[in-house]
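When a ligand or atom number is given, it counts from 1 through the structure's own listing order.
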Amino acid sequence: MAILPIRIHPDPVLRGPTKEVHDFDANLARLLGDLEETMRDAPGTGLAAPQVGIQRRIAIYDAGDGVLELMNPKIVSRFGEQRGEEGCLSIPGIYFDVTRSFEVKIVAQDRHGDPFELEAEEFEAVVIQHEIDHLEGVLFIDLLEPEDQKLAKKLILEGLVTGSVLPNRATI
Ligand code: CO
């Protein structure tokens, strides 16, 4: 396994597009191992392939119950609303409140290509929505309230995104 360099906003690779995964092979297994090592080293709660420069529909996360690997994930239903602080490994150093669905149901494939369904709520649902956004070229700063977005852009322009990841906060 290897720690891969994490791409930092405004790297255009973060804005997509991404392609579906069709080959569930040893290369995919190696990439998933590298993503996990990179996520743990950061440290972050989730990591999507575009964040290491790979434009494929692959994301992993660990919301506290071990690593989950999502290939070609798709949200099939959503319910409710929640609001909480998020940060991103590709925009290190800034954290803002984001409004998300409270609960999501997704379909995805595992590393062998086998399809599965997953229902998640609260923080796990936030992480899943954040990661799937990465596969669409969407960053959490795109979802902020206008005032927060203005502030975020100012902080980014001032170079504060080179700040460090805060281990005890939601860096997704
Ligand atoms: Co992120």
Side-chain angles (χ1 to χ4, degrees), residues 2-19 21 31-75 78 81-102 104 106 108 118 120-145 148-149 151-157 159-172:
I3 294 169
L4 307 172
I6 295 178
R7 302 299 186 91
I8 302 298
H9 172 72
D11 189 322
V13 79
L14 295 170
R15 293 309 194 168
T18 53
K19 289 184 183 163
V21 180
L31 173 61
L32 288 166
D34 290 347
L35 285 172
E36 181 178 347
E37 195 172 343
T38 304
M39 177 181 79
R40 296 220 183 280
D41 175 70
T45 303
L47 190 63
Q51 293 182 275
V52 296
I54 294 169
Q55 294 180 298
R56 292 275 166 193
R57 301 187 71 77
I58 301 168
I60 67 163
Y61 69 89
D62 183 348
D65 295 322
V67 175
L68 258 106
E69 300 169 344
L70 307 177
M71 266 56 69
N72 306 322
K74 208 178 290 175
I75 294 175
R78 314 168 163 272
E81 201 176 278
Q82 60 180 319
R83 191 163 168 80
E85 190 186 71
E86 289 181 35
C88 180
L89 292 177
S90 292
I91 320 173
I94 65 168
Y95 294 83
F96 282 96
D97 281 354
V98 179
T99 301
R100 301 273 191 190
S101 299
F102 179 78
V104 291
I106 65 164
L118 175 70
E121 57 180 35
E122 296 185 85
F123 181 60
E124 187 179 5
V126 169
V127 176
I128 289 171
Q129 290 169 82
H130 183 116
E131 292 316 323
I132 291 179
D133 276 353
H134 272 301
L135 305 182
E136 306 296 343
V138 173
L139 301 174
F140 85 101
I141 51 170
D142 304 338
L143 310 177
L144 304 182
E145 302 288 338
D148 283 349
Q149 197 167 59
L151 178 57
K153 280 184 180 152
K154 185 168 173 271
L155 294 172
I156 289 164
L157 277 174
L160 295 185
V161 292
T162 51
S164 48
V165 166
L166 305 174
N168 53 351
R169 291 166 88 172
T171 315
I172 310 174

Looking at residues at least two apart in the chain, or sitting in another chain, which of them share a side chain to side chain contact (heavy atoms under 4.5 Å, CB included) with Asp34?
Met1, Ala2, Leu4, Arg30
I'd like to know if the side chain of Gln82 and the backbone of Ser101 have a donor-acceptor N/O pair within less than 3.5 Å.
yes
Separation of Ile94 CD1 from Leu155 CG (nearest 0.5 Å):
6.0 Å
Can you tell me how far apart CD1 (Ile54) and OG1 (Thr18) are? Round to the nearest 0.5 Å.
12.5 Å
Determine yes or no for a side-chain-to-main-chain donor-acceptor pair under 3.5 angstrom, with His130 supplying the side chain and Ile172 the backbone.
yes
Answer yes or no: is there an ion pair linking Arg57 with Glu136, defined by an N-O contact shorter than 4.0 Å?
yes
Anything protein N/O/S under 2.8 Å from the Co ion (ligand 1)? Just list residue and atom, please.
Cys88 SG, His130 NE2, His134 NE2, Ile172 O
